[in-house]
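The shown structure was predicted, so the numbers you read here are calculated from the model rather than taken from an experiment. Nothing fancy with the numbering, it's 1 onward along the sequence.
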Amino acid sequence: MTTNAPTRSGKPIRNLSARVATIPMVLTATVVFLGCSVWTVVYSFTRSGLMPRTSWVGLDQYERLWSSRRWLISIENLAIYSFLALTLSLLVGFLLAALLDQKIRYENTFRSILLYPFALSFVVTGLVWQWILNPEFGVQRFIRALGYDSFTFDPLYNPDIVIYGVLIAGLWQSSGLIMCLMLAGLRTIDDDIWKAARIDGIPTWKTYVFIIIPMMRSVLITTLVILGSSLIKLYDLILASTGGGPALASEIPAKYVYDMMFMNQNLGQAFAASTMMLLTVVVVIIPLAYLEFGRKRRHA
């Protein structure tokens, strides 16, 4: 009785200390993130220029936004990039994870090599791939030096396929992270499940598709949330690799916001575009995360 008393009496104190320690983080999240988001939404209904001002214009900024050709192009580019990046990143990351899960030799070395691109910033990634895909001294020049004079490969300089050129750089940078997340999920699968599948004569690909992947639902949802949030705010990779060009061929919403805010000095229009990006996060990502983690909490 004497030994257990301090533990029981000390537990609420420890919990109280933990709660007190989280106060700065909660205040920061409330004031900085929530406060700034509300401030942005409110001023998106004003005619703010270089400085914020309470000159209310209703939905005028949003009407201008959705009648802007540049904004519509940026939305289309982001939609194409996001769909392909989500699909291919998950596919490539899962395939790499499945290969590494075979307990191959030098697994740690391969894992480090594949994860290395993720350690680089998007700016560095964009500059590296801008050099690799440059027709003057990149892949095109190398292949032509081998004697294939008619070979053409300049995706970052061709407005019809520039978004796919940026996609190559994005996949190179993000696939390593997806691989690690998927590998962590695969390592949680009990070996008895694999043994049972082999005994029943189920092909490996069917085991992955119908048994393993459904069991990795939490990992997949987490991966989708991470990828989705990074795609919506995509900016630095585009800026470093193409600068939004040629013309507006690789324009994206985040660059539109930046240009409106700092180049055109039109805060009202920038805030309206930012609000639409925020709405995308709220509508797509938050319900997705809630459905998964809220379900877990209810079951617990």
Exercise. May I ask you to say whether Glu76 pairs ionically with Arg70, meaning some side-chain N is under 4.0 Å from a carboxylate O?
Key: no

Distance, nearest 0.5 Å, that separates [atom1] of [X] from [atom2] of [Y]:
{"X": "Ile80", "Y": "Leu167", "atom1": "CD1", "atom2": "CG", "value": "10.5 Å"}
{"X": "Ile161", "Y": "Ile168", "atom1": "CD1", "atom2": "CD1", "value": "8.0 Å"}
{"X": "Arg64", "Y": "Gln269", "atom1": "CZ", "atom2": "CD", "value": "5.0 Å"}
{"X": "Leu279", "Y": "Thr275", "atom1": "CG", "atom2": "OG1", "value": "8.5 Å"}
{"X": "Ile226", "Y": "Leu231", "atom1": "CD1", "atom2": "CG", "value": "12.0 Å"}
{"X": "Leu220", "Y": "Ile178", "atom1": "CG", "atom2": "CD1", "value": "10.0 Å"}

Using modelled atom types and a 3.5 Å cut-off, is there a donor and acceptor pairing between side-chain atoms of [X] and backbone atoms of [Y]?
{"X": "Ser241", "Y": "Gln130", "value": "no"}
{"X": "Thr46", "Y": "Tyr43", "value": "yes"}
{"X": "Asn158", "Y": "Asp160", "value": "yes"}
{"X": "Ser82", "Y": "Ala79", "value": "no"}
{"X": "Arg144", "Y": "Ser150", "value": "no"}
{"X": "Gln140", "Y": "Phe153", "value": "yes"}
{"X": "Asp236", "Y": "Val123", "value": "no"}
{"X": "Asn264", "Y": "Asn266", "value": "no"}

Could you tell me whether [X] atom [atom1] has more than 12 heavy atoms of other residues or ligands within 6.0 Å of it?
{"X": "Gln102", "atom1": "CD", "value": "yes"}
{"X": "Phe142", "atom1": "CZ", "value": "no"}
{"X": "Tyr106", "atom1": "OH", "value": "no"}
{"X": "Arg187", "atom1": "CZ", "value": "yes"}
{"X": "Phe110", "atom1": "CZ", "value": "no"}

Are [X] and [Y] close enough that some pair of their side-chain heavy atoms sits under 4.5 Å apart?
{"X": "Met260", "Y": "Gln265", "answer": "no"}
{"X": "Pro246", "Y": "Val162", "answer": "yes"}
{"X": "Leu86", "Y": "Leu224", "answer": "yes"}
{"X": "Leu84", "Y": "Tyr164", "answer": "yes"}
{"X": "Trp129", "Y": "Leu237", "answer": "no"}
{"X": "Asp259", "Y": "Glu251", "answer": "yes"}
{"X": "Val92", "Y": "Leu96", "answer": "yes"}
{"X": "Leu90", "Y": "Met182", "answer": "yes"}

Exercise. Dump the intermediate steps for side chain to side chain contact (heavy atoms under 4.5 Å, CB included) on Leu156 and Asn134, then the final yes or no.
Key: CA-CA 8 Å; Leu156 295 185; Asn134 190 302; over 6 Å; no

Do [X] and [Y] sit in one hydrophobic cluster, given that two such residues count as connected whenever their side-chain heavy atoms are within less than 4.5 Å of each other, even indirectly?
{"X": "Val219", "Y": "Ile212", "answer": "yes"}
{"X": "Met277", "Y": "Leu248", "answer": "no"}
{"X": "Val139", "Y": "Leu146", "answer": "yes"}
{"X": "Leu278", "Y": "Tyr258", "answer": "yes"}
{"X": "Leu95", "Y": "Trp205", "answer": "no"}

Between [X] and [Y], which heavy-atom pair has the shortest distance, and what is it?
{"X": "Glu107", "Y": "Leu100", "answer": "OE1-O, 3.6 Å"}
{"X": "Ala272", "Y": "Gln61", "answer": "CB-CB, 3.9 Å"}
{"X": "Val257", "Y": "Ala273", "answer": "CG2-CB, 3.5 Å"}
{"X": "Thr242", "Y": "Ser250", "answer": "OG1-OG, 2.7 Å"}
{"X": "Leu171", "Y": "Ser89", "answer": "CD2-OG, 3.3 Å"}
{"X": "Pro155", "Y": "Gly165", "answer": "CB-CA, 3.7 Å"}

Exercise. Only pairs at least two apart or in different chains count here, so list each ring pair (Phe, Tyr, Trp, His ring centres under 6.0 Å) that has a residue in residues 46-105.
Key: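 Pairs touching residues 46-105 that pass the test: Phe45-Tyr62, Trp66-Trp71, Trp71-Tyr256, Phe94-Tyr208.
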
Quiz item: Given the rule in the side chain to side chain contact (heavy atoms under 4.5 Å, CB included) test, do Ile238 and Val166 qualify, once you have shown the distances and angles that lead to the verdict?
Solution: CA-CA 7 Å; Ile238 293 287; Val166 177; 3.7 Å; yes

Exercise. Show your reasoning for whether side chain to side chain contact (heavy atoms under 4.5 Å, CB included) applies to Leu120 and Trp172.
Key: CA-CA 11 Å; Leu120 303 175; Trp172 180 78; 3.7 Å; yes

Quiz item: Would Trp39 and Val42 count as a side chain to side chain contact (heavy atoms under 4.5 Å, CB included) if you check the C-alpha gap in whole Å, the side-chain angles of each, and the deciding distance to 0.1 Å?
Solution: CA-CA 5 Å; Trp39 188 83; Val42 169; 5.9 Å; no

